[in-house]
Structure formats: structure tokens, C-alpha cells
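Structure first, commentary second.
All heavy atoms count here, side chains included; hydrogens, waters and symmetry mates do not. Atoms within each ligand, like the ligands themselves, are counted from 1 in listed order.
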Amino acid sequence: MNIKLHTTVLLNEAIQSLKVKKNGIYLDGTFGAGGHSKKILEKLGTTGKLYAIDQDPYAVTIAKKICDDRFYIIPGNFSHVDILLKKHHLYKKIDGIILDLGMSSMQLISAKRGFSFNINGPLDMRMNPNNGISAHEWINTSHEKHIYYVLKSFGEERFAKKIANKIIIQRKKKPISTTFELSNIIQSIIPKQKHHKHPATKSFQAIRIFINQELQALQIFLNKALNFLKHQGRISVISFHSLEDRIVKQFINQYSQKPNIPYNLPINEKQINQICQIQLKKINRIFPTNQEINNNFKSRSAVLRTAEFHETNYINQQVI
Ligand SMILES: C[S@@+](CC[C@H](N)C(=O)[O-])C[C@H]1O[C@@H](n2cnc3c(N)ncnc32)[C@H](O)[C@@H]1O
């Protein structure tokens, strides 16, 4: 398969935000087709290092073709980052972390992966097909209320109730096995409108997020990530969904908020930061330019947020 089919989103913006140092150590938690990884490798000198993670065996196969002794590919889910990086002893050593969330175009266009309502294939949607339950299994066994909950909460689908009900009716006649079968059910509820998104967009996105437990994985990863960053190390996250972006934003806010200390207390800014464990400094929030959106429509919902880690005296010395 041609890996050029995946166009990396916010490539230069993300790499600039990381401020890649020649001798730095970096982590790309979502290797995909390696767009961000390759750019980081270009910036690194001979002593720099890049560790990359992906849970998709196909992405790992692509990564293994990179012959560069500064580069390490680690298969797995980034929510297990502490276990995955354990033998590399990277606690407090990483200069920059990047996550580019969601799925790659290789996943989307592969019929057998079952992610797309435009390409017929077995309903699967697992980023790691060797792990967890497929969309097929879930949609044919779940309670109607749970299907409604997933479509409503992860897809903000207005027609969630009707779609969930129709799924239950249809699967009693015959299990829903393919992407087209599911898409047809959704289209029978939401009529296609000119110039609008495909009626199945929100439902497919919601099911994918649920099947891969994407929001939980992100939250768990962020909770662990600060243990790996060096003082002034940076974390950049590109998200494509408002719920993902909210998690990233709340995480940065949580570690960068200053408390309400009475103004007349005789302590300075640095001391406040130390007392209050201020650990993250907001660096930026960047959206794709109109030009990028015109060239790559998939980038339209992307948001890049970057923060810089500042170690305080009171930081949790958690041993990994
Ligand atoms: C949008 S693509 C990344 C594209 C990449 N930045 C590039 O430029 O080629 C997202 C990748 O992250 C992987 N991924 C998503 N969630 C993951 C997780 N929780 N753990 C590990 N990999 C994950 C997917 O399998 C996919 O390959």
C-alpha cells in the first residue's frame, strides 16, 4: 500500500512547536505513516533519539523499514507508555512528545479494516485488529441504550435514538456485518443532503472512538506523560474531535493554573510556581491554515496544542 496516501497534518507547525534539539530525545506516540517522525529525524543530530509508538501492526511494519539507529519503533497502545518505555529508561529524559490523534488514511482506505462508510468491508474499526472487540461484535450484541449512548456522546448524533432503534430491528433479521450495511441503516434514517457531510460520518466516528477507547487512552497517556518529560520538555497534541481537544485543554489547564494567592503575600512568581506545582506553561494553540485545509480537507477539524514542562521542587517523584 502506498504510504504517501496519508498526508501529515500541521507538520511544520507541530515540529516547530516541539523546538527539536539536535541531541534531544523525542517520542512520537502515533507513528502512523511516520510523517512527524521523519521530520523529527531530519532535525536530530547523530546523538539524538526518537522513540515511536503505534498500536496498528501495519504502521509498525512501515516504521520497521526506517533504517536509522537513532530510531526505535515500539508496538503498543500509548496508554501503556510507562510499560512500553520501561526498558529504555526514559523517565524525565524526553525533550518532546507528539501525539497526532485519530486514524491514518491507510486505516481509512483499507476495506478490510472496516473504518469507512465509503468503502465496503467487514465492520471492524479496531486500530489494533488483534486486540479488543470489533465494531461488528459490538453492534450485534450491545443493548440499544448503549448504542444510543455511544452515538450521542461520541458523535453528537441528533438521530442517535432512531439509529440505535433501527440497528436493533435490522440485526434481529440478520447480523450487521459490513460497513455498507451499517451505512445503509443510518442513511435510511438521515436522508443525504446536498453539500452536507455523509449521513454516517458522525455515527462511524462515534463507533470508532468507542471501539478503540480513544478518549480513555488519551487521558491515561497524558496522566503518565509528565513523568517522562525533562525540564522544559514539550508536549504537542493534534486532535480532531472536540472531546479529544477538551481533554488536552483541561490537562494543560490543570497543570498550569495559578491559585488565588492574596496579592500582598511576600512571595514572588517563582515561589508561587513552586508551591503550587505549576508544571506546564502554555505555548500555543494552532489551527490549519486555509491553504492546508484546501490541500487536505481532513485537516479542517485539527487543533494543535503545545505546552512546556517546568519541573518544580514539589513534583511527584514517581518511580517507573
Ligand atoms: C493520524 S495517524 C498519525 C499520522 C502520523 N503523524 C503521520 O504523519 O504519518 C494516527 C496513528 O496513531 C495510531 N494510534 C491512535 N491511537 C493510538 C493509541 N492509543 N496507541 C497507539 N497508537 C495509536 C493509529 O493507529 C494511527 O496509526
Side-chain angles (χ1 to χ4, degrees), residues 1-15 17-18 20 26-43 50-66 71-85 96-110 113-116 124-132 154 205 208-225 235-241 243-245 247-248 288 292 295-304:
M1 192 179 291
N2 185 354
I3 61 167
K4 288 219 174 73
L5 285 170
H6 183 86
T7 306
T8 300
V9 172
L10 291 166
L11 176 58
N12 293 323
E13 293 84 345
I15 303 304
S17 300
L18 283 179
V20 178
Y26 292 85
L27 171 67
D28 178 351
T30 52
F31 178 83
H36 289 108
S37 276
K38 285 173 194 159
K39 199 79 178 173
I40 293 171
L41 284 171
E42 273 171 35
K43 301 249 167 201
L50 171 64
Y51 295 83
I53 295 175
D54 206 295
Q55 63 177 332
D56 186 329
Y58 182 64
V60 172
T61 308
I62 296 170
K64 284 188 173 158
K65 292 188 179 138
I66 298 180
F71 176 71
Y72 305 82
I73 178 70
I74 304 162
N77 190 308
F78 59 59
S79 63
H80 302 142
V81 61
D82 44 348
I83 299 162
L84 298 175
L85 295 186
I97 297 177
I98 178 155
L99 286 189
D100 174 17
L101 300 168
M103 61 183 160
S104 68
S105 302
M106 291 107 63
Q107 290 167 331
L108 186 65
I109 60 152
S110 167
R113 306 298 299 270
F115 281 104
S116 171
D124 192 312
M125 297 202 196
R126 284 171 297 177
M127 290 187 189
N128 178 356
N130 306 318
N131 197 25
F154 302 142
Q205 184 185 44
R208 192 205 81 214
I209 289 175
F210 170 72
I211 288 295
N212 294 288
Q213 300 284 297
E214 292 178 31
L215 302 179
Q216 288 92 328
L218 174 60
Q219 188 71 69
I220 295 170
F221 176 84
L222 293 176
N223 289 341
K224 295 176 177 177
I235 177 162
S236 292
V237 183
I238 302 171
S239 58
F240 294 84
H241 188 285
L243 294 175
E244 283 170 350
D245 184 50
I247 290 174
V248 179
E292 176 163 9
N295 293 339
N296 178 16
F297 191 59
K298 287 198 206 90
S299 69
R300 71 195 180 286
S301 52
V303 187
L304 163 70

Over all heavy atoms of both residues, which pair between [X] and [Y] is shortest? Give the atoms and the distance, please.
X	Y	answer
S37	F71	OG-CE1, 4.2 Å
I211	D124	CG2-O, 4.2 Å
S105	K298	OG-NZ, 3.4 Å

Quick test of your reading of the structure: of [options], whose heavy atom lies closest to [atom]?
atom	options	answer
atom 19 (N) of ligand 1	I74, N77, I62	N77
atom 7 (C) of ligand 1	G35, S79, G29	G35
atom 15 (C) of ligand 1	M103, Q216, K298, M127	M127
atom 27 (O) of ligand 1	L108, D54, T7	D54

**Item:** Ligand-side contact atoms (ligand 1) for residue partner D56, heavy atom cut-off under 4.0 Å
**Value:** 25 (O)
**Request:** Can you sort out which atoms of ligand 1 are near A217, meaning under 4.0 Å from one of its heavy atoms?
**Result:** 19 (N)
May I ask you to check whether [X] has an N/O atom sitting below 3.5 Å from an N/O atom of ligand 1?
X	result
D28	no
I53	no
H36	yes
T8	yes

**Minimum side-chain heavy-atom gap D54-M127 below 4.5 Å** = no
**Prompt:** For ligand 1, does A33 get within less than 4.0 Å through its side chain, its backbone, both, or neither, judged by non-hydrogen atoms?
**Reply:** both
**Residue part near ligand 1, for Q107, under 4.0 Å between non-hydrogen atoms** = side chain
Non-hydrogen atom of [X] closer than 4.0 Å to ligand 1:
X	result
Q213	no
F31	yes
G102	yes
S37	no
V9	no

**Item:** Residue that, paired with S299, satisfies side chain to side chain contact (heavy atoms under 4.5 Å, CB included) out of T8, V9, L10
**Value:** V9
**Item:** Minimum-distance protein heavy atom relative to atom 17 (C) of ligand 1
**Value:** Q55 NE2, 3.2 Å
**Message:** Working note: Q107 + D56, criterion side-chain hydrogen bond (donor to acceptor under 3.5 Å, both in side chains); need CA distance, chi angles, decisive distance, verdict.
**Reply:** CA-CA 9 Å; Q107 290 167 331; D56 186 329; 2.7 Å; yes
**Request:** Could you go through the side-chain contact (heavy atoms from CB on, under 4.5 Å) check for L85 and L27 one step at a time?
**Result:** CA-CA 10 Å; L85 295 186; L27 171 67; 4.2 Å; yes
**Asked** Can you tell me how far OH of Y51 sits from CG of L84, rounded to the nearest 0.5 angstrom?
**Response** 13.0 Å
**Item:** Candidate list H241, R208, Q219, test side-chain hydrogen bond (donor to acceptor under 3.5 Å, both in side chains), partner E214, passing option
**Value:** R208
